[in-house]
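Quick note: residue numbers are just sequence positions, from 1.
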Amino acid sequence: MVNSMFHKVIKVVPTVDYKVYVYFEDGKIKLFDANELIMKGVFKQLQDKELFVNSCIVMNGTLAWDVSGNSDESSCLDVDPEELYNSWPDVLSD
């Protein structure tokens, strides 16, 4: 049985100021501020604004960055969709 309590990301729109509009399947839209995230560990490579914006995708139902450019899940950086849904403010909802 599939747990319907998990929130699924269906669209992401990155900005050049390291923020991402995250659209969820239930109509909620969150604004994720990645400014702190890009200062840590493997996420530091996303300080390159072009990489941050151009590699930002939806993968496996969440916000991810395809840093290798080949849609390889093992080399993507992602953020837990529950963290995005529960810890960031709503922008709009349907």
What I'd like to find out is whether the side chain of V13 reaches to under 4.5 Å of the side chain of V20, using heavy atoms alone.
no

Distance, nearest 0.5 Å, that separates NE2 of H7 from CG of N86:
6.5 Å

Side chain to side chain contact (heavy atoms under 4.5 Å, CB included) between Y85 and K28: does it pass, once the steps are laid out?
CA-CA 8 Å; Y85 194 89; K28 292 241 185 214; 3.5 Å; yes

Counting only heavy atoms from other residues, nucleotides and ligands, does the tally under 6.0 Å from OH of Y21 exceed 12?
no

So which heavy atom on C56 is nearest to which on V12, and how close?
SG-CG2, 3.7 Å

V79 vs L37, test: side chain to side chain contact (heavy atoms under 4.5 Å, CB included). Steps then yes/no.
CA-CA 10 Å; V79 179; L37 181 70; 4.1 Å; yes

Can you measure from CE (M39) to OH (Y18) and round to the nearest 0.5 angstrom?
7.5 Å

Any idea which heavy atoms bring V9 and V58 closest together, and the distance?
O-CG1, 3.4 Å

Over all heavy atoms of both residues, which pair between L77 and F43 is shortest? Give the atoms and the distance, please.
CB-CE2, 3.6 Å

Which heavy atom in Q45 sits nearest to a heavy atom in V42, and how many Å separate them?
NE2-O, 2.9 Å

Are the side chains of E82 and F6 in contact, using a 4.5 Å heavy-atom criterion?
yes

Can L51 be reached from V53 by stepping across I, L, V, M, F, W or Y side chains whose heavy atoms are under 4.5 Å apart?
yes

Do you know the tightest heavy-atom contact between P81 and G61?
CB-O, 4.0 Å

Closer than 3.5 angstrom, by distance alone: can the side chain of S75 be matched with the main-chain N or O of D72 as a donor-acceptor pair?
yes

Which residues share a side chain to side chain donor-acceptor pair (under 3.5 Å) with E50, sequence neighbours left out:
none

What distance do K30 atom NZ and W88 atom CH2 have between them, rounded to the nearest 0.5 Å?
11.0 Å

Are V91 and V16 linked, directly or through other ILVMFWY residues, by side chains that come within less than 4.5 angstrom of each other?
no

Can a cation-pi geometry be assigned to K19 and F32, taking NZ or CZ under 6.0 Å from the six-membered ring centre and within 45° of the ring axis?
no

Assess the residue pair L63 and L84 against the criterion (side chain to side chain contact (heavy atoms under 4.5 Å, CB included)); give the C-alpha distance rounded to whole Å, side-chain angles, the decisive distance to 0.1 Å, and a yes or no.
CA-CA 9 Å; L63 163 63; L84 294 168; 3.8 Å; yes

Nearest 0.5 Å, what's the CG-SG distance between N60 and C76?
8.5 Å

Distance, nearest 0.5 Å, that separates CD1 of I57 from CG of D78:
9.5 Å

Can you check side-chain hydrogen bond (donor to acceptor under 3.5 Å, both in side chains) on N35 and D33, steps first, answer last?
CA-CA 6 Å; N35 279 285; D33 185 342; 2.6 Å; yes

Filter on ring-ring contact (aromatic ring centres under 6.0 Å, His included), then keep only pairs touching residues 58-83, sequence neighbours left out; what's left?
F52-W65

Please name the pair of heavy atoms, one in E73 and one in M59, separated by the smallest distance, quoted to 0.1 Å.
CG-SD, 3.4 Å

Does I38 offer a backbone N or O that forms a donor-acceptor pair with the side chain of Q47 under 3.5 Å?
yes

